[in-house]
Amino acid sequence: MSEFSEWFHNILEEAEIIDTRYPVKGMHVWLPQGFKIRKHTLEILKTILDKDHEEVMFPLLIPEDELAKEAIHVKGFEEEVYWVTHGGLTELNKKLALRPTSETAMYPMFSLWVRNHSDLPMRYYQVVNTFRYETKHTRPLIRVREITTFKEAHTVHSSAEETEEQVKEALRIYRQFFDSLGIPYTVSKRPEWDKFPGALYTMAFDTLLPDGKTLQIGTVHNLGQTFAKTFDITYETAEGNHEYVYQTCYGLSDRVIASLIGIHGDDSGLCLPPDVAPYHVVIVPIIFKKGGEVVIDFCKKLQEKLESELNLRVYFDDRDIRAGKKYYEWEMRGIPLRLEVGPRDIENHKIVTFRRESKEKEIIDYDDTTISKTVNNLLDNISTKMREKAWKSLEDHVHHVETLEEASTTISEDGGIVTFDWCGDQECGKEIEEKVNVDILGVQADDENGICINCGKKSKHITLIAKTY
Ligand SMILES: Nc1ncnc2c1ncn2[C@@H]1O[C@H](COS(=O)(=O)NC(=O)[C@@H](N)CS)[C@@H](O)[C@H]1O
Ligand SMILES: [Mg+2]
Ligand SMILES: [Zn+2]
């Protein structure tokens with residue numbers, strides 16, 4: 001619990017995920033092991049998005065006057081924007097912002113692209129780096145100044161109803177994505193004072209890290225027509241008049257990788273979902289003086305079989321070091337499944353399996369015709385077990401309370417998430433945050449028949465609060 005932050009920083013270094021020694025605060029280097037995890041994570045996300053979104057790429061730099069167009073939006077970001085003021089020795093006549101997010105880069109172009117009804121709906125996304133001069137405590141992958149893995153989707157619609165549908169679809173996409181990574185979450189509507197600058201409302205996914213604090217791992221914003229009016233994005237209707245469009249946008253970041261590491265990891269190090277691990281399987285040969293080449297040969301064949309039949313990423317570790325050292329290293333790097341093969345195993349048609357998530361070792365019958373199926377089932381079961389275990393640990397830390405005292409003792413003793421009835425009134429909400437010294441994450445459901453935990457008025461919502469990153 002308390003030393004989670006130390007564990008997190010140590011494992012990023014020991015498992016060679018990123019190098020935080022880069023000489024700009026809040027900006028880090030992706031190392032090969034970490035880059036592989038990021039790559040496989042993005043492959044899963046893009047496969048889901050590519051079903052009905054188009055991937056694009058916009059410039060990094062945003063002219064000052066475009067950024068400033070949407071007053072509430074720029075107010076929300078003005079303290080976080082990095083500026084480019086020179087080109088070489090020449091001072092630019094117009095400052096350029098490094099995108100903190102790309103609404104003001106994209107929407108002037110959407111205004112050119114949207115002509116008539118048949119152009120809609122549009123669903124674009126890009127995966128880029130964005131820059132935010134975070135003044136709160138920066139943390140690798142969690143609160144960085146260069147958000148290296150910022151997936152932002154931006155959609156354009158001809159009606160408010162369609163944007164509501166798109167918000168629901170975005171929530172479904174995010175549930176599917178987080179479920180494939182075994183990351184548990186709560187979904188809630190952010191309070192008015194904590195929504196995305198310029199949005200009508202913000203839906204947020206929060207997960208719970210082992211130190212009892214929640215992390216916002218994804219957000220979906222209904223932008224209404226606010227940006228359409230600011231950037232004059234209109235379409236010509238069949239009757240020939242011009243209507244403003246309706247928009248949504250939804251974002252994810254490096255925090256997804258942080259959650260993978262923080263939630264599934266344990267005292268032996270990383271524990272990675274098979275679909276994003278650098279390798280699904282590592283094969284460790286047990287070699288004594290004699291019989292070495294028989295084992296090596298067997299392992300190479302097994303590697304080829306798993307690679308060709310299951311399209312798995314398999315590492316055959318034939319380095320000349322003690323098996324125990326290999327076990328330690330691959331467990332620390334979070335490789336989901338290890339296969340150990342010695343000369344006697346081959347004679348007895350056996351093979352030893354080690355599941356990283358449960359740390360169970362098993363001697364199973366080896367049969368050329370069934371090993372692929374066995375390995376595939378093991379990997380599927382490992383994914384399922386990891387997701388179930390993570391959901392259980394989240395659910396074990398969500399408590400419903402009836403009084404503010406109960407709320408603050410629960411949070412201070414157990415961390416985690418507390419739910420209660422709230423009237424929804426901003427004043428009252430701010431008072432609750434004061435009294436319990438936590439953040440209101442958001443409202444989860446409407447609950448007309450409760451009474452507000454703080455002011456006693458009719459409650460409107462089941463509300464979530466927690467200590468947050
Ligand atoms: N400094 C940061 N470091 C890492 N992740 C961040 C940081 N700031 C925000 N995020 C993540 O990025 C997600 C999207 O950011 S956002 O401001 O909420 N939304 C947008 O920028 C919208 N334009 C989404 S397309 C957040 O939900 C959060 O998970
Ligand atoms: Mg921020
Ligand atoms: Zn109240």
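Position 1 is the first residue of the sequence; numbering continues from there. These numbers come from a predicted model, not from an experiment. Just so you know, ligand 1 is whichever comes first in the structure, and atom 1 is the first atom listed for that ligand.
Between F58 and F110, the two ring planes are perpendicular [angle over 60°; tilted spans 30° to 60°].
The closest approach between any non-hydrogen atom of F150 and ligand 1 is below 4.0 Å. Under a 4.0 Å heavy-atom criterion, T138 is not in contact with ligand 1.
Checked against E331 for a salt bridge (Lys or Arg N to Asp or Glu O under 4.0 Å), the options R338, K359, R356 give a single hit: R338. Applying the side chain to side chain donor-acceptor pair (under 3.5 Å) test between H40 and each of E43, K36, R38 identifies E43 as the sole match.
No N or O atom of K151 sits closer than 3.5 Å to an N or O atom of ligand 1. At least one N or O atom of R132 sits closer than 3.5 Å to an N or O atom of ligand 1. At a 3.5 angstrom cut-off on N or O pairs, V144 counts as close to ligand 1. At a 3.5 angstrom cut-off on N or O pairs, Y250 does not count as close to ligand 1.
Relative to the six-membered ring of Y469, R143 misses at least one condition, a distance below 6.0 Å or an angle of at most 45° to the axis.
For atom 7 (C) of ligand 1, the closest heavy atom belonging to the protein is I147 CD1, 3.6 Å. Scanning the protein heavy atoms around atom 24 (C) of ligand 1, the nearest turns out to be G251 N, 3.4 Å. In terms of protein heavy atoms, atom 20 (C) of ligand 1 is closest to F196 CE1, 3.5 Å. Nearest protein heavy-atom contact of atom 29 (O) of ligand 1 is Q216 O, 2.8 Å. At the top of the distance list for atom 1 (N) of ligand 1, counting protein heavy atoms only, stands E134 OE2, 2.7 Å. At the top of the distance list for atom 16 (S) of ligand 1, counting protein heavy atoms only, stands T219 OG1, 3.8 Å. In terms of protein heavy atoms, atom 11 (C) of ligand 1 is closest to S253 OG, 3.4 Å.
Here E103 has side-chain heavy atoms under 4.0 Å from ligand 1, and that is the only part of it that gets that close. Only backbone heavy atoms of I217 (N, CA, C or O) come within less than 4.0 Å of ligand 1; its side chain stays farther off. Heavy atoms of D254 found under 4.0 angstrom from ligand 1: none, in either backbone or side chain.
The two residues W83 and L98 come nearest to each other via the heavy atoms C-CD1, 4.5 Å.
You'll find the ring centres of Y124 and H154 outside the 6.0 Å limit.
Salt bridge present: K392 and D396 bring a charged side-chain N and a carboxylate O closer than 4.0 Å. A salt bridge links R190 with D194: the closest approach of a Lys/Arg side-chain nitrogen to an acidic carboxylate oxygen falls below 4.0 angstrom.
With a 4.5 Å cut-off on side-chain heavy atoms, H397 and D414 count as touching.
Vertex the Zn ion (ligand 3); arms to C452 atom SG and C423 atom SG; angle 110° (nearest 10°).
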